Amino acid sequence: MKIDKFPSSAAFDAISQALSASDADRKDAIQQGNAVFAFTLKNKAGETESWHIDLKDTGKVGTGSGGKPTVTLSLSDEDFGKLVVGDANAQRLFMSGKLKIKGDIMKATKLDPIMKKAQTKSKL
């Protein structure tokens, strides 16, 4: 799922690995998330790409917005990379206008435990 023009997209591979590590982990993530999370990242060249994490049905990660996402998070590739490794706080990014959220904003708060799982596996 990594796209070279979007260095932080490697995190989606790490999230996918975390979700497929065990059935129990995937079921737990689906139970906690109960939503489809879409991410639209913008790189330094101004290009955008989308990925999604389905924590409603499949517990899988894919490219594109995933049909009808429950919540869509839009931010720069750089800020997403910082968010995944723990160098940025989603709330601060949102408050400063660097993170835009469409859809069920409360569901966005359910992403934190999933991101933490990715931090341990991701090497950005």
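It should be emphasised that the depicted structure is a prediction, and the values quoted were computed from it without experimental measurement. In what follows, residues are counted from 1 in the order of the sequence shown.
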CG of Asp77 to CD1 of Ile3: how many Å apart, nearest 0.5 Å? 10.0 Å
Any side-chain donor-acceptor pair under 3.5 Å between Asp13 and Ser16? no
For Arg26, is there an ion pair with Asp28 - N to carboxylate O distance below 4.0 angstrom? no
Considering only residues two or more places apart or on different chains, which pairs with a residue in residues 34-47 satisfy side chain to side chain donor-acceptor pair (under 3.5 Å)? Lys5-Glu47, Thr40-Ser50, Asn43-Glu47
Atom CD1 in Ile30, atom CG in Asp25: separation rounded to 0.5 Å? 11.0 Å
Under 3.5 Å donor-acceptor, Ser8 side chain and Glu78 backbone: no
In a table with atom names and distances, give each donor-acceptor pair under 3.5 Å that connects a side chain of residues 59-68 to protein atoms at least two apart or in another chain.
none

Show me the side-chain donor-acceptor pairs of residues 90-103 shorter than 3.5 Å, one per line, residues at least two apart or across chains.
from   : atom 1 : to    : atom 2 : distance (Å)
Ser96  : OG     : Arg92 : O      : 3.0
Ser96  : OG     : Leu93 : O      : 3.1
Lys100 : NZ     : Gly97 : O      : 3.1

Enumerate the ring pair (Phe, Tyr, Trp, His ring centres under 6.0 Å) contacts for residues 15-49, please, sequence neighbours excluded, ordered by first and then second residue. Phe12-Phe39, Phe39-Phe80
For residues 53-72, the ring pair (Phe, Tyr, Trp, His ring centres under 6.0 Å) pairs (sequence neighbours left out) are none
Starting from Met1, can I reach Val36 by hopping between I/L/V/M/F/W/Y residues whose side chains sit under 4.5 Å apart? no
Ignoring hydrogens and geometry beyond distance, is a side-chain donor-acceptor pair present between Thr70 and Asp104 at under 3.5 Å? no
side-chain contact (heavy atoms from CB on, under 4.5 Å) between Ile15 and Ile53, worked out: CA-CA 8 Å; Ile15 293 166; Ile53 304 170; 3.9 Å; yes
Quick check: closest heavy atoms across Gly33 and Lys110, and the distance to 0.1 Å? CA-CB, 4.2 Å
Tell me, please, which residues at least two apart from Thr72 pass side chain to side chain donor-acceptor pair (under 3.5 Å). none
Applying side-chain contact (heavy atoms from CB on, under 4.5 Å), run through Leu41 and Leu75 and close with a yes or a no. CA-CA 5 Å; Leu41 304 183; Leu75 66 165; 3.8 Å; yes
Show the numbers, then the answer: is there a side-chain contact (heavy atoms from CB on, under 4.5 Å) between Leu19 and Leu55? CA-CA 10 Å; Leu19 289 171; Leu55 294 180; 4.0 Å; yes
dist Asp4:CG -> Ser9:OG (nearest 0.5 Å) comes out at 7.5 Å
